[in-house]
Amino acid sequence: MKKKEIITFVIVFVVAILSTIFFLKPHYSIDTVEFLTNGYDRYIQDKFLVDGRIFSVLLLKLVIDLPMRYVMPITYIIGILISCLSVMYLRKIMIGYTKTEGKINIIPTMISYIIIFNFMYIDAFQFMELPIIALSILLFTIAAKIILEKKKHYILKGFILTLIAMFCYQGTMSVFIVTTFILLLIKNQRLNKAVILEMIKAGIFLVIAILINYGFTTIFGGTNRIDFNILENCKNAFINLYMIIFDSNNHYPVYLQFVFALIIITYCLIKKIKISNLLWIYCISIAVNLILLMTSSGALMPSFVQWGRVFFTIGALIGYIFMYLWCTSNIIIKDKFIKSVLIIYFLTLIITYLQYTYFYMKGQQIDEYIITNIDKVITEYEKENGIKIKNYAYRIDFDNYEILETSHILNKEYKGINYTTIYNGRRTNEGISKSLFLLYANRRIGRTAAGEEFPEEYFENMDLKNMELFDEKRFVFRGDTVYIMF
C-alpha cells in the first residue's frame, strides 16, 4: 500500500470502529450462548458442518480455550479489519475506472464504505464468526474481478477464491453474482449478449462451488438438505422480500432505502442520464436474493430466510447504484445535489449502526441485571436450606408489570427502527432462557414449563405492581425447583 492508501485505510477503520463502538465491550450472540450451553463439539456438528462452514470450525477451535469476554471483542476487531480491506478493494476498482487523483477520491471511498457497511450487514457484528463472514465478502468480490479481467489462470484463481468463500459463508454468495453484473455493466455500458454470456459463466462457477459445498455437508455434516417445498418457499420468498425491500428487515427506517433509490433514479432521469442500467442493477439484486430465498430452507443451501446479513446485496443497493454512476459518469463529481444525497445516505448508515449496537448492548445489560439478581435470591435460599436448585419456571403478569418481555428499552420502535429485532428474538422466543443463567451466573439449571404445577394461588392477592422486581415474595421454592412471578 502507498502512504495515502494506508492513511485512507486507517480513516475507514476508525470510522467503522466508532460507528460500532459499543461492540468493543464483551457481548454475546444467541450462537455464543448456544455453544456455551450445549458444548463446542455438538455446536460444530449441528451448525457448522451441517452448513459446510469449515473455516468457522477452525476459528472456533482456535478460541475454544480463551475466555469468551476476550474472544468477542477480538473477533469483532478482526472482522472490521477484513471489512475495511473490502472497502479498499472496491475503492481501488472504482478509481481504476475513473483514474482520478487527489482529494476527490474521498467519494469512491465513501461509496465503497456504504456498499460494505450497509444496514443488512449490521447484525453480523454480534457474532464471533464476523471475520469469516467478512472474509467471504472480500473473496467473492475479488473472485468477480479476477474472472472479468481474464488474466493468466483466471478461471483457476477465480474458482478457488469462490470455493473458499463458499466454505466460509454461503449466505454472502449473492455478492459474487451482483458484483460481477455491475462490473460487466460498467465495462459494456449496457445489457447485451456479452454481459449475459459472462453472467452465465459466473453462474456456472457458483453452482459448481455450491455442489461441492453440498457434497461436503452430505458426507461430513450427516445431512441431506433436499427436503424443501418449492411452492411454500416461493410464497415465503415474496413475503420476506417485501419486508426486506420496504421494511429493510427492521435494520433501517421503513421505506427510506426505497425513497433514496427513487430520488437518485428520478434525478438521473431529469438530468438525462440513462437510467436503464440503474434499474437493471436494482432488479438483478432483488432477483438474486429472491432465488436465494426460494432455494433456502432446503435444497442446496441452509435456511437463511430471517437473517439480515444474508441479504447483503439488498442492503448495498444504494451503494451499487452510486458505484455505477461514479464509474460511468461525472454526475457525482459535478452535481452538488447527488453528492449531497450520497453524504446524507452515508450519515444515516453511521447513525443506524450506532443506534442499533447501542440498543443491542442495552438489551444485554438488562439480561445480565435480571439474571444476576434472580441468581442472588436462589443462592441465598440454597445457603440457608442446603438444597441445590436444579430447575426454574416463571410467569409474567402483564397487567401489573412488563419489564421482562415488553421493556420500553428493548421493544421500543425508535423512529421506525426496531434496533433489537435479532437480539430480541431470543427474548421473545425463550424469555429467561437457561443459557442466560450459564452465561451471566455460571449456573447450569433446567427450565420447567410453567404449567399446572405453577403455584398461582400463592400470588393471587399480591400487589405485584408496587412490589420490588426481585422481592423474595416473588419466588416460591418447592423441592429443587423455584417458581417466579413477575
Side-chain angles (χ1 to χ4, degrees), residues 13-14 16-86 116-117 121-139 164 167-169 171-172 307-309 353 356-369 371-372 375 420 422-423 425-427 430 433-444:
F13 177 75
V14 170
I17 287 289
L18 291 177
S19 64
T20 55
I21 191 70
F22 299 105
F23 276 177
L24 273 175
K25 299 178 181 179
H27 58 279
Y28 307 95
S29 69
I30 185 171
D31 287 19
T32 312
V33 174
E34 189 171 338
F35 66 67
L36 285 175
T37 305
N38 299 323
Y40 290 90
D41 291 337
R42 180 177 169 183
Y43 189 84
I44 286 172
Q45 181 63 41
D46 292 348
K47 298 292 183 179
F48 291 158
L49 292 180
V50 164
D51 288 346
R53 286 146 59 182
I54 57 176
F55 292 98
S56 296
V57 175
L58 296 175
L59 176 64
L60 193 55
K61 290 288 187 181
L62 284 173
V63 303
I64 197 168
D65 295 323
L66 299 176
M68 197 53 59
R69 64 182 181 275
Y70 299 132
V71 170
M72 296 303 288
I74 291 171
T75 55
Y76 152 77
I77 291 173
I78 295 172
I80 291 281
L81 285 168
I82 297 173
S83 300
C84 290
L85 287 176
S86 294
I116 300 301
F117 290 93
Y121 194 37
I122 294 177
D123 75 297
F125 285 79
Q126 64 177 296
F127 294 100
M128 184 188 68
E129 276 190 280
L130 176 62
I132 308 300
I133 298 172
L135 181 61
S136 71
I137 292 169
L138 176 61
L139 294 179
I164 294 173
F167 276 94
C168 284
Y169 195 77
T172 55
W307 301 355
R309 59 195 174 280
Y353 267 77
Y356 183 93
T357 53
Y358 171 77
F359 279 97
Y360 186 92
M361 294 304 292
K362 274 294 181 183
Q364 297 218 338
Q365 289 173 16
I366 291 174
D367 267 352
E368 184 174 13
Y369 172 74
I371 294 301
T372 52
D375 184 66
T420 55
I422 293 171
Y423 171 79
R426 185 180 76 228
R427 173 176 295 278
E430 299 184 36
S433 69
K434 62 182 182 180
S435 56
L436 294 180
F437 278 97
L438 180 63
L439 186 62
Y440 295 117
N442 196 29
R443 177 185 289 274
R444 289 192 178 274

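All values reported here derive from a predicted model rather than from experimental measurement.
Annotation for F13: atom CZ counts as buried by contact number, over 12 foreign heavy atoms lying within 6.0 Å.
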>> For a side chain to side chain contact (heavy atoms under 4.5 Å, CB included) check, start with the C-alpha distance between V57 and F167, then their side-chain angles and the critical distance, and finish with the verdict.
In response: CA-CA 10 Å; V57 175; F167 276 94; over 6 Å; no
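Here the shortest heavy-atom pairing between P131 and I78 reads CB-CG2, 3.9 Å. A pairwise comparison of heavy atoms in T357 and S19 identifies OG1-O, 4.0 Å as the closest pair. D123 approaches Q126 most closely through the heavy-atom pair O-CG, 2.9 Å. Looking at every heavy atom in both residues, L135 comes nearest to C168 through CD2-SG, 3.9 Å. Annotation for M72 and F127: closest pair CE-C, 3.9 Å, computed over non-hydrogen atoms. Across I82 and L138, no two heavy atoms sit closer than the pair CG2-CD2, 4.3 Å.
Here the side chain of Y169 pairs no donor or acceptor atom with the backbone of E129 at under 3.5 angstrom.
For the pair Y440/D375, no side-chain contact is recorded, criterion being any heavy-atom separation below 4.5 Å from C-beta on. The side-chain heavy atoms of R444 and F437, taken from C-beta on, include no pair separated by under 4.5 Å. Side-chain contact between F117 and I80 is present, with heavy atoms from C-beta onward closer than 4.5 Å. Between R443 and I371, every side-chain heavy-atom pair lies at or beyond the 4.5 Å cut-off.
Atom OG of S86 sits about 6.5 Å away from atom CD1 of I137, to the nearest 0.5 Å. In this structure, the separation between OG1 on T20 and OH on Y360 is 13.5 Å, given to the nearest 0.5 Å. Here the OH atom belonging to Y70 is positioned 14.5 Å from the OG1 atom belonging to T75, to the nearest 0.5 angstrom. Remark: R53 CZ to L60 CG distance equals 11.0 Å, nearest 0.5 Å.
Two rings, from Y353 and F125, have their centers less than 6.0 Å apart.
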